[in-house]
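Notes follow once the structure below has been shown.
Chain identifiers are assigned alphabetically (A, B, ...) following the order of the sequence lines, protein sequences preceding nucleic acid strands; residue numbering begins at 1 within each chain.
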Amino acid sequence: MIEPLDAARVRWVAGSDLSLSRDSRDVIAGIVVWDVRARCVVEQVLVRRRCRFPYVPGLLSFRETPGILAAWRRLRGAVDVLLCDAQGIAHPRRFGLACHVGLWLDRPTIGCAKSRLCGEFGPPGAVRGDRADLLLDGQRVGTVLRTRAGVKPLFVSPGHRCDVDSACRVVLASLTRFRLPEPTRLAHQLVTRARA
DNA sequence: GCGACAG
DNA sequence: ATCTTGTCGC
């Protein structure tokens, strides 16, 4: 029996991201684990490896999953859920990168993308926490979430072992003062700075 | 044929 | 993702 994500008990939220080496031949993957209760970083890992697949819309997982899994193996502490900088089920085949990674890790994952891949939606309200349904073929595959006033909303969808609402709750609980949830924002800084 | 298209 | 300058605002 699998254990579904219980947003109320989540404490360690990890965020993953990737960047490319200057010559674009390698991918630099990083994961930052954020304690949503203590509001601090508890662990971070970085790994670099050869890029094996080109970027093709809809096939992002084939390009980025290997790096994320490699970084994950370096983690030593506990993680309740992983926030991926990509789509979950808000995907043409209902199986975006977050689903792919979650299945490999057999852990709860959430897709938290900065832009839309597919699906229709109306504009969410202007206040942090306001949301709009992301529909694909009449099905609710995610939510368009306003994480901060005056900025583009995020596209949140279930990856593995969670539903739209719990995914949204985890993202909201991981926010500080920026558009992106802290684990994701810090993972982005980590991999970006690792190029220099 | 013409747009759209996670990172 | 990466490139790339200034600019508006807290």
For [X] and [N], what is the distance between atoms [atom1] and [atom2] respectively, to the nearest whole Å?
{"X": "A:Phe121", "N": "B:dA4", "atom1": "CZ", "atom2": "P", "result": "13 Å"}
{"X": "A:Tyr55", "N": "B:dG7", "atom1": "OH", "atom2": "P", "result": "7 Å"}
{"X": "A:Asp17", "N": "C:dT2", "atom1": "CG", "atom2": "P", "result": "8 Å"}
{"X": "A:Asp85", "N": "B:dG7", "atom1": "CG", "atom2": "C1'", "result": "7 Å"}
{"X": "A:Arg63", "N": "C:dA1", "atom1": "CZ", "atom2": "P", "result": "11 Å"}
{"X": "A:Gln87", "N": "C:dA1", "atom1": "CD", "atom2": "P", "result": "14 Å"}
{"X": "A:Leu136", "N": "B:dC5", "atom1": "CG", "atom2": "P", "result": "14 Å"}
{"X": "A:His100", "N": "B:dG7", "atom1": "NE2", "atom2": "C1'", "result": "16 Å"}

Worksheet item: Do A:Asp26 and A:Arg49 meet the salt-bridge criterion of a basic N to acidic O distance under 4.0 Å?
Response: no
Fill in: Carboxylate-amine/guanidinium proximity below 4.0 Å for A:Asp80 and A:Arg9
no
Worksheet entry | Any A:Ser24 side-chain nitrogen or oxygen under 4.0 Å from OP1 or OP2 of C:dA1 | no
Worksheet item: OP1 or OP2 of B:dA6 less than 4.0 angstrom from a side-chain nitrogen or oxygen of A:Lys114, does that happen here?
Response: no
Base, sugar-phosphate, or nothing: which does [X] touch, judged by heavy atoms less than 4.0 Å apart?
{"X": "A:Ala113", "value": "sugar-phosphate"}
{"X": "A:Gly111", "value": "nothing"}
{"X": "A:Ile68", "value": "nothing"}
{"X": "A:His188", "value": "sugar-phosphate"}
{"X": "A:Arg195", "value": "sugar-phosphate"}
{"X": "A:Leu60", "value": "base"}

Worksheet item: Does A:Phe178 have A:Arg185 sitting over its ring (NZ/CZ under 6.0 Å from centre, angle to axis within 45°)?
Response: yes
Discussion item. Can you classify the ring geometry of A:His100 versus A:Phe62 as parallel (below 30°), tilted (30 to 60°) or perpendicular (above 60°)?
Written reply: perpendicular
Fill in: Candidate nucleotides B:dG7, C:dC3, B:dC5, ranked by approach to the side chain of A:Arg116 - the nearest
B:dC5
Item to complete: Mark yes or no for whether A:Arg131, through its side chain, and A:Val144, through its backbone, hold a donor-acceptor pair below 3.5 Å.
Response: no
